[in-house]
Amino acid sequence: MKDTANNYRLEMTGIEKSFGLVSVLKGVNLKVKPGEIHALLGENGAGKSTLIKILSGVHQKDAGNVLLDGETIQPKNTHEGQMLGINVVYQELSLVNDLSVAENIYLHKLGANKVWMNWKKLISEAKALVDSLGFSIDVTAKVRNLSIVQKQVVEIAKAIAEDTKVLVLDEPTTVFDPNDIKKLFNNLRRLKQDGVSIIYISHHLDEIFEIADTITVLRDGVDTGSVAVSETNTDAVIHLMIGRALEDLYPIRTIEIGKKPVLVVKNLEGKRGIVKDVSFSVNAGEVLGIAGLGGSGRTETGKLIFGAHRKKSGIITLNGVEIHAKSPVDAVGYQIGFVSEDRKEEGVFLPLSIRRNISVTNFDSISSKLGFINTKDEYKNILDLIQRLNIKTPHSEVDVKNLSGGNQQKVALAKWLSIDSKVIIIDEPTRGVDVGAKIEIYNLINEVAKKGVAVVVISSDMPEIMGISDRILVMHEGRNYGELSKKEFSEENILRYAIGKPLKQETLIS
Amino acid sequence: MALSIKQQLNSPGGLLKFLVKYNTIFIFVLLVIFSAIISDVFFTSANLSNLLKQVSGIGIISIGMLIVILTGGIDLSVGSMVALLAVIFAMLINVIILPLAILFTICIGFGLGSISGYLVAFQKMAPFVATLALMTIARGLGFIYSNGSPVTFKTAGGVFMSDFANNSTLGLPNISIIFFLVVIIAMIMLKYNVFGRLVIAIGSNEEAARLSGIKVNKYKFLVYAISGALAAVAAIVVASRTNLGSPNMGMAWELDAIAAVVIGGASLNGGRGTAINTLMGVLILGLIGNILNLLNVPSYPQQVVKGAIIIFAVLLQRFESK
C-alpha cells in the first residue's frame, strides 16, 4: 500500500490561485499515476484551465505544492515546464501558420543547440511521428493550408514529440469526428502503455467514460475528489459538476412544425468544390440537423446559403421565392442568420463589449435615418437580451473576451435573436461550452424554432444533434447522402450514412 | 454603466489605474505644468495660439488617420496629399471663386483617397502598399503641377483666406477652430453613429464583421476617402496660413499623424482608439516641439525626444491592457 501511495507521477496538493480579488483555485488536489488517463472535469470557470496553466508554468501558484516524481517543481514559464516533461495541447491552437508542419512539431528544437538544421532528418522524423499517429498529413505543407482537424493533430504530435512525462489534452476532440476520435484514443492508449500520465479535459462525458481511468471534478475552485471511472456513471458525474441532478440535457420538443417549407435548397454546388450536390428543405419551426464527417461539406453548405462563400450552381428559395445571396450582406437582407463554428475568429468581436457585439446586426431598429444611434433603445434591447439569454455578466459593457465560452456563444446567438430572422444556421452550437450553458443554448434553439424560424443546426456532436433535431441530414463527400427521421436516429445510422453506406436492413423496415 | 471617476479613484490601486487609463490626458497635463514652470513665455497668448496654429494641419489629418487605423489599415499618403492639394487649391483660388475652390479641393481629396480605398477594399491590396504608392504619386503630381515652385495666392479670395487663417475668434485661432470642429464631428460619428460602430467592429474582427452582414468593403473604402477629404481640409488650412501652396508641404506628416494616433492609445491592429485621445496625442506632440523650441533645443535632438515620448506612451498603455 505504501508503495502505491508514493507512486504518483504528479501530485498537486492544496493549490490556490487568485487573480486580483477573484479567487479561482481554493486548495485543489490532483494526483496522477504513471500510465494513467485522468479526466479533469468541471464547468467553464471551475478552474480547470488555471490549474493546468499552473502545472505548465504559464501561471504561478499562490499556495500549495506540486510534486513531479516526488520532487517539488515550480516551472516559471512553459519552456521550463516542457523541460520537465510537461506538455499541454491547448484548446486554442497555438501553431505558427506560416511554418511547415515539421517545423511546427520541432519548433522548440529550432535553433536550440545547433546553428544549422538538418532539414532532411527533421522532415523524416516528423513524417514518422505523424504517420505513427495514424493520420496522413504532408509534413512539408504550411500549417495555414491544413484543415482544423489536421491542425489539432499537429498540435498533439508537437506535444508528444518531446520527452513527455505528463501530457495534458484540453478539449482535444472538439473538431474531431468519431473516426478521428478513435484514432486519437488508440494513440492515447499507446502512450499510456509507455507510462505517460495523461490529463484529459473534456466536456464530452461519453469520451471520458471510454478512455479515462480516474475522474477528478472541479467546482468553483475546489475539487470534489477523485473517483475511478469503473465506480461511477454519467449522472453521478454531472451531479458532481453542476451540483444538481440533470434530468434531461435536451428540451422536450412540442412545436408544431409548419406545413410549408421556408428554405429550399436544390442541387447546391460550391465554387470551392467541397459541396457538390446538396438538396434539402426546412419548414417553419423545424430544427434540421446536418451531420457528417469533417470535410464532408457541412460547414460549407451553411456558408454557401449565407453567401459567405460563392456557389457555382443550384437554386435556393425562401418562402417560395428564389434568392441570390452573393454575400452575407444579401443573406442578412433576406433575414438569414449564421452562427459560425469558429467563435473567436468569426463569431464574436472579442475586444468589444457585449453591447457593441450584439448591436452590429441591429442598427436599423435603433438608429435614425442618418445613422445616429438611440442609446436608450439600444440599452433596452441589450439588457433584455442579456436577461433572456441569461448571459452571466455584471453589465453590458464587459468585453466579450472576458466571458466564458458558453456566454460568448450566447452573445454570438444574441446577434441574430435581436433581429427577426426567417432562417438561422448554427454551426456547432455548443463547441467548448459547459453542460450548464449547453442546456440553456438548447432551450434557446427550441424557443427560436417555436417562433416559426427555420433552424439548421450543423454539429459533429452526435448526442447533441439527435437530441435537438427533428430530422437529420447526413452528408458524405459533398452530397446529402441520407436523411434520418426522428425514429431512425442512432449513432450507428448517422455513421453509416456519413461513411457512405446504406442503413442496415432492420432499421429500414421500421 | 461605466464607473464614475470617484468610484474608480476609491477602488484599490485606484489612483494608479486611473492615471494609466487616462494616461494621454495625464501626460498632457504634466507637460503643460512642466512647460509653465520651465518657461515664462509658455503661457502667453501669443505662444499658445502659435502652438495651436502649428498643430492644426497635422491634427486634421490625424483624425483621418485615426479612422483608417480603426479599421486596421494605415494611410501613408496624407502628407503628400496635403502638398498636392495645397498646390491645387492655390491654383484653383487664382482662377475660380473661393467657395468653389474649397469645394473642388475637398472633392479632389475625397477622390484621391477613394483610389486608395478602392485598392484596399476591392482589390485587397495591403493598405501599406496601396497608400505608399499614392504617397509617391501625389508628391510627384504636386511637383508637376507647380513646376517645383510654390504657387502663391493672387486674388481677393486668397487675401480673404489668408486673413481668416491668421486671425482668431474669441481668443482661438480660426484654423484651430476648424481642427476642433473636425475632432468634435469625429467624436460624435465614432461614438453615436452607426458609421463609427461599424468601423470599430471591422477593425476588431473583420471576418466576424463580414459574417454579421456588415458591408465591410464599403466602410473600408469610405475611411480612405474621408482621410483624403480631411487631407484636403488640412491643405486648405496650411496653404491659407502661408498664402501659398507648395509641393514641399506636409513632408513626413503621415508619420507625425500616426505617432499622434498611437500616443492617443489607438491600436495599429484596429478596433481601439478615440478622437479625444488622438486630439491629446496631437497636442502632446505639438507641446513637446513647442517647449523644446522655447528652450532653444535644436531640431535634431527634438526628434530624439519625440521618439522617446512615443515609446513611453505606448509602454504606459501596455499596463492598461493588462
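Note that the structure is predicted; figures quoted are calculated from it, not measured.
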Looking at [X], I'd like to know if its [atom1] atom is crowded, meaning that more than 12 non-hydrogen atoms belonging to other residues, nucleotides or ligands lie closer than 6.0 Å.
| X | atom1 | value |
| --- | --- | --- |
| A:Q387 | CD | no |
| A:D420 | CG | no |
| B:Y192 | OH | no |
| A:E345 | CD | no |
| A:K392 | NZ | yes |

Is chain B contacted by the side chain of [X], its backbone, both, or neither, given a heavy-atom distance below 4.5 Å?
| X | answer |
| --- | --- |
| A:E346 | both |
| A:A331 | neither |
| A:L370 | backbone |
| A:S327 | neither |
| A:V339 | neither |

- Message: Which residues in residues 199-211 of chain B have any heavy atom closer than 4.5 Å to a heavy atom of chain A?
- Response: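 Only B:I200, B:A201, B:S204, B:N205, B:E207, B:A208, B:A209, B:R210, B:L211 of residues 199-211 of chain B have a heavy atom under 4.5 Å from chain A.
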- Message: Non-hydrogen contacts under 4.5 angstrom with chain A: give the residues of residues 113-134 of chain B involved, or none if there are none.
- Response: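 Hits under 4.5 Å: none found.
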- Which one, A:I336, A:N357, A:T375, A:V348, leads in non-hydrogen pairs under 4.5 Å with chain B?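 Looking at each of A:I336, A:N357, A:T375, A:V348 in turn, A:V348 comes out on top.
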- Can you measure from CZ (A:F363) to CG (B:N193) and round to the nearest 0.5 angstrom?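 Interatomic distance, A:F363 CZ to B:N193 CG, rounded to 0.5 Å: 9.0 Å.
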- Query: Are B:S212 and A:F349 side-chain neighbours, meaning at least one heavy-atom pair lies under 4.5 Å?
  - Reply: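 Side-chain contact under 4.5 Å: yes.
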- Query: Do B:R272 and A:P351 come close enough that some side-chain heavy atom pair is under 4.5 Å?
  - Reply: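 With C-beta onward as the side chain, the pair stays apart.
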- Message: One pair to check against side-chain contact (heavy atoms from CB on, under 4.5 Å): B:R197 and A:I373. What are the steps and the verdict?
- Response: CA-CA 10 Å; B:R197 285 293 190 81; A:I373 297 160; 3.6 Å; yes
- In sequence, state the C-alpha distance, the side-chain angles, and the governing distance for A:F372 and B:V194, and then conclude on side-chain contact (heavy atoms from CB on, under 4.5 Å). CA-CA 6 Å; A:F372 288 98; B:V194 174; over 6 Å; no
- Item | salt bridge (Lys or Arg N to Asp or Glu O under 4.0 Å) against A:D364, all qualifying residues, sequence neighbours excluded |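 Counting only residues at least two positions away or on another chain, A:D364 forms no salt bridge (Lys or Arg N to Asp or Glu O under 4.0 Å).
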- Message: Tell me every residue that passes side chain to side chain contact (heavy atoms under 4.5 Å, CB included) with A:V332, counting only those two or more places apart in sequence or in another chain.
- Response: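 A:V332: side chain to side chain contact (heavy atoms under 4.5 Å, CB included) contacts with A:F306, A:W416.
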